[in-house]
Structure formats: structure tokens, C-alpha cells
Amino acid sequence: QVQLVESGGGLVQPGGSLRLSCTASGSIFSIDTMGWYRQVPGNERELVAVISNGGGTDYADSVKARFTISRDNAKNTVYLQMNNLEPEDTAVYYCSMDIKRSISRASRTSWGQGTQVTVSS
């Protein structure tokens, strides 16, 4: 089994910063794409940022130049540095990882439990 544990959410004022972390544990052979998504009640989950195994990144237009995704492969961890936060960034943030549990098995997407980010004065 594989488990993803997130941390770093909370309440922050507009213009502030937060750093989210997500670490995978369990039976892991390798991890391909890692990403962050967010969801507001009543809306669909939306992509925030993704990072490939090679380090290539992609961001939602709404967070470009404010958010930075990074990964530490040795620690099976993905980070999301969020700067200049806006009230519109308020959501539950979920991490995802495409994980291979053995060399002969296809990768499967696993999700974290979600962490609340609230931007408010």
C-alpha cells in the first residue's frame, strides 16, 4: 500500500506565503509525475501545478509567477511554495503522485487527504 501525507496548510493574510509538503510512503519502486490540485466546495478539482520525474513543470495560468512546485526524489516528497496569496486561492489542496510499486507494474495515481488553505484578512 501507498500513503500520501500532506502538511503546511492554514490561514494566511492576502499577500502572505505558505509552503505545502506531501510525502509518500509504503511500497514504492518509482514515482513519475507529482502534482498539486485544489478544490472549492461545489466546484471541480482543478490542476494547480505538476512536475515530471525529469523536473519539467507546468502551472495553471492563475498561479504562474506566484507558486513554485518542486520535488525531492530521495524523500518521495513534493512541495508547493505559494507566494503573494490571494483570497481566490482559498481551497482544499490535494497532492497526487503517479507511483509504480514494482518494475513490472504500471504506475497508478495516488492522492493525499487534502489540506485546507484559507486566505483572508
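Only a predicted model underlies this, so the values are computations on that prediction, with no experimental measurement involved. Note that the numbering runs from 1 along the sequence shown for the chain.
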Residue pairs meeting ring pair (Phe, Tyr, Trp, His ring centres under 6.0 Å), one or both in residues 8-28, sequence neighbours left out, come to none
The test is side-chain hydrogen bond (donor to acceptor under 3.5 Å, both in side chains); show your working for Thr23 and Thr77 and say whether it passes. CA-CA 4 Å; Thr23 298; Thr77 298; 2.8 Å; yes
Shortest non-hydrogen pair, Gly112 vs Tyr94, comes out as O-CD2, 3.7 Å
By ring-ring contact (aromatic ring centres under 6.0 Å, His included), Tyr37 pairs with (sequence neighbours left out) Trp111
Salt bridge (Lys or Arg N to Asp or Glu O under 4.0 Å) pairs touching residues 71-86, sequence neighbours excluded, are Arg66-Glu86
The reported gap from CZ in Arg19 to OG in Ser7 (rounded to nearest 0.5 angstrom) is 9.5 Å
Residue pairs meeting salt bridge (Lys or Arg N to Asp or Glu O under 4.0 Å), one or both in residues 29-42, sequence neighbours left out, come to Arg38-Glu46, Arg38-Asp89
Going by chain and number, the hydrophobic cluster around Ile69 (ILVMFWY, side chain to side chain under 4.5 Å) further includes Val2, Leu4, Val12, Leu18, Leu20, Ile28, Ile31, Met34, Trp36, Val48, Ile51, Tyr59, Val63, Phe67, Val78, Leu80, Met82, Leu85, Tyr93, Met97, Ile99, Val117, Val119
- Message: Between Gln81 and Ser17, does the side chain to side chain contact (heavy atoms under 4.5 Å, CB included) criterion hold? Intermediate values first, please.
- Response: CA-CA 8 Å; Gln81 177 67 43; Ser17 298; 4.0 Å; yes
Taking every heavy atom of Ser27 against every heavy atom of Arg101, the minimum-distance pair comes out as O-CG, 3.3 Å
Heavy-atom nearest pair, Lys100 first then Ser107, reads CG-CB, 3.5 Å
One should read off an interatomic distance between Arg45 CZ and Ser96 OG, to the nearest 0.5 angstrom, of 9.0 Å
For Phe29, the hydrophobic cluster (side chain heavy atoms closer than 4.5 Å, chained through members) also holds Ile103
Output for pair (Thr68 OG1, Asn83 CG), nearest 0.5 Å, gives 6.5 Å
Minimal heavy-atom distance between Pro14 and Ser120, with the atoms involved, is CD-C, 3.6 Å
> Is the backbone N or O of Thr115 less than 3.5 Å from a side-chain atom of Glu6, with the two atoms forming a donor-acceptor pair by type?
Replying inline: yes
